[in-house]
Amino acid sequence: DDKIYNRVANLLFLIEEYKEAEKYYNEALRLNPDKIDYKINLGRTLLRLNKDNEASKLLEAGIENGVRDIELFIDYSALWMKVRKYDEALKYLKMAQEIDSNNFSVLYKTGKCLIEMGHIDAGKKNLLSAAKIISKEDAVKATIILKYSLEKKTDLESLKLLIKILEDNAEYREVYELIKKCQWEIIPDNEILDALINSEINLGLYEKAFEEFEKYNEESITPKIRYMRAKVYCFTANFEEALEEANILLDRS
């Protein structure tokens, strides 16, 4: 039964057993050679097996038949991206975007295409949106996307999101090195300075933290900074100074 072969192949595709999926999709097509859905499914599988020539013919058959499927457009755009024809890839990504403008793969691939074409800011905007969508589900993937984006051009929003992901995973060494690397390209705001000091505290770099505290004047010290400074005083056995900071905090709250 061609439907059963197709369903089995779909399950194999989902668990990334692409060679087995190819075998069952071929069986489905052998029994029903005109079924366009089977051709598309086989084409998407062949793409993952790097059989690009065969894949392109099958995916093109779906597009020529007027099939409007977001995964079809995404995978067909991937073929164009492989051969660096980013304008062609964008054409199909725009079709995919019309179906779902918040799809992770659409945003990610669109961002990469735009950056490779030299449209850095527009590309970074798409990559940031993609990273926001995937960050809770797959922090590693979001980290890779944001690092790629920041390599192309540093911006505060991407930097802050990457810092948050790294902090959530207690990657304080990476936070420290990232901020130090980027601080020559942007003007760090209080949020980034807070993250830098927090990373220094967690890494035991207390002298470095004291150097950061010196950048603040009394009027610009937030309760969070004062609290962190009290912690550093404790860690360095400066208990009188720590008590003074703590009392100021208690007086105000």
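Side-chain heavy-atom separations under 4.5 angstrom define the hydrophobic clusters, and Trp184 shares its cluster with no other residue. Through chains of ILVMFWY side-chain contacts below 4.5 Å, Ile63 is grouped with Ile36, Ile40, Leu47, Leu59, Val67, Ile70, Leu72, Phe73, Ile74, Tyr76, Leu79, Trp80, Val83, Tyr92, Met95, Ile99, Val106.
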Query raised in the report: Can you list the steps and then say if Asp155 with Ser158 is a side-chain hydrogen bond (donor to acceptor under 3.5 Å, both in side chains)?
Result: CA-CA 6 Å; Asp155 69 284; Ser158 298; 2.9 Å; yes
Report task. Run the numbers on Glu191 and Lys224 for salt bridge (Lys or Arg N to Asp or Glu O under 4.0 Å), then give the verdict. Result -> CA-CA 10 Å; Glu191 193 176 332; Lys224 185 176 180 181; over 6 Å; no
Report task. Dump the intermediate steps for side-chain contact (heavy atoms from CB on, under 4.5 Å) on Leu12 and Lys19, then the final yes or no. Result -> CA-CA 9 Å; Leu12 290 163; Lys19 282 197 171 185; over 6 Å; no
Requested in this report: Show your reasoning for whether side-chain hydrogen bond (donor to acceptor under 3.5 Å, both in side chains) applies to Asn202 and Tyr176.
Outcome: CA-CA 10 Å; Asn202 279 281; Tyr176 176 75; over 6 Å; no
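In terms of modelled atom types and a separation under 3.5 Å, the side chain of Asn32 and the main chain of Ala28 share no donor-acceptor contact. A side-chain donor-acceptor contact under 3.5 Å links Asp69 to the backbone of Glu71. Between the Ser253 side chain and the Leu249 main chain, no donor and acceptor come within less than 3.5 Å of each other.
Shown here for Val175 and Ala195, the closest heavy-atom pair between the two residues is CG1-O, 4.0 Å. Considering every non-hydrogen atom in both Gly123 and Leu114, the closest pair reads CA-CB, 3.7 Å. Across Leu29 and Lys35, no two heavy atoms sit closer than the pair CD2-O, 4.0 Å. Arg48 and Arg44 get closest at one heavy-atom pair: NH1-O, 2.8 Å. The minimum heavy-atom distance linking Ala131 with Ala142 is given by the pair O-CB, 3.8 Å.
Between Lys160 and Glu167 there is no salt bridge, since no side-chain N of the basic residue sits under 4.0 Å from a carboxylate O of the acidic one. The pair Asp87-Lys91 fails the salt-bridge criterion, with no side-chain N (NZ, NE, NH1 or NH2) lying under 4.0 Å from an Asp/Glu carboxylate O. A salt bridge does not link Asp34 to Lys39: none of the charged side-chain nitrogens sits closer than 4.0 Å to a carboxylate oxygen. Ion pairing between a basic and an acidic side chain is recognised when a charged N comes within 4.0 Å of a carboxylate O; Glu157 and Lys124 show no such pairing. Checked for salt-bridge contact, Lys57 and Glu60 miss the test: no charged N lies under 4.0 Å from a carboxylate O.
With 3.5 Å as the limit, one finds no donor-acceptor pair spanning the side chains of Asp37 and Asn6.
Note on Leu178 and Tyr148: separate hydrophobic clusters, where clusters join Ile, Leu, Val, Met, Phe, Trp and Tyr whose side-chain heavy atoms are under 4.5 Å apart, directly or indirectly. Tyr227 and Tyr216 sit in two unconnected hydrophobic clusters of ILVMFWY residues. Membership requires side-chain heavy atoms under 4.5 Å apart, directly or through other members.
Note on residues 96-113: no pairs pass side chain to side chain donor-acceptor pair (under 3.5 Å), not counting sequence neighbours.
Between the CD1 atom of Ile221 and the CZ atom of Arg226 there is a distance of 5.0 Å, given to the nearest 0.5 Å. Note that CG of Asp75 and OG of Ser77 are 7.5 Å apart. Values are rounded to the nearest 0.5 Å.
The salt bridge (Lys or Arg N to Asp or Glu O under 4.0 Å) check on Lys82 picks up Asp52, with sequence neighbours excluded. For Tyr233, the ring-ring contact (aromatic ring centres under 6.0 Å, His included) criterion is met by Phe210, not counting sequence neighbours. When the side-chain contact (heavy atoms from CB on, under 4.5 Å) test is applied to Glu212, the partners found at least two apart in sequence or on another chain are Lys180, Leu193, Leu196, Ile197, Glu200, Lys215.
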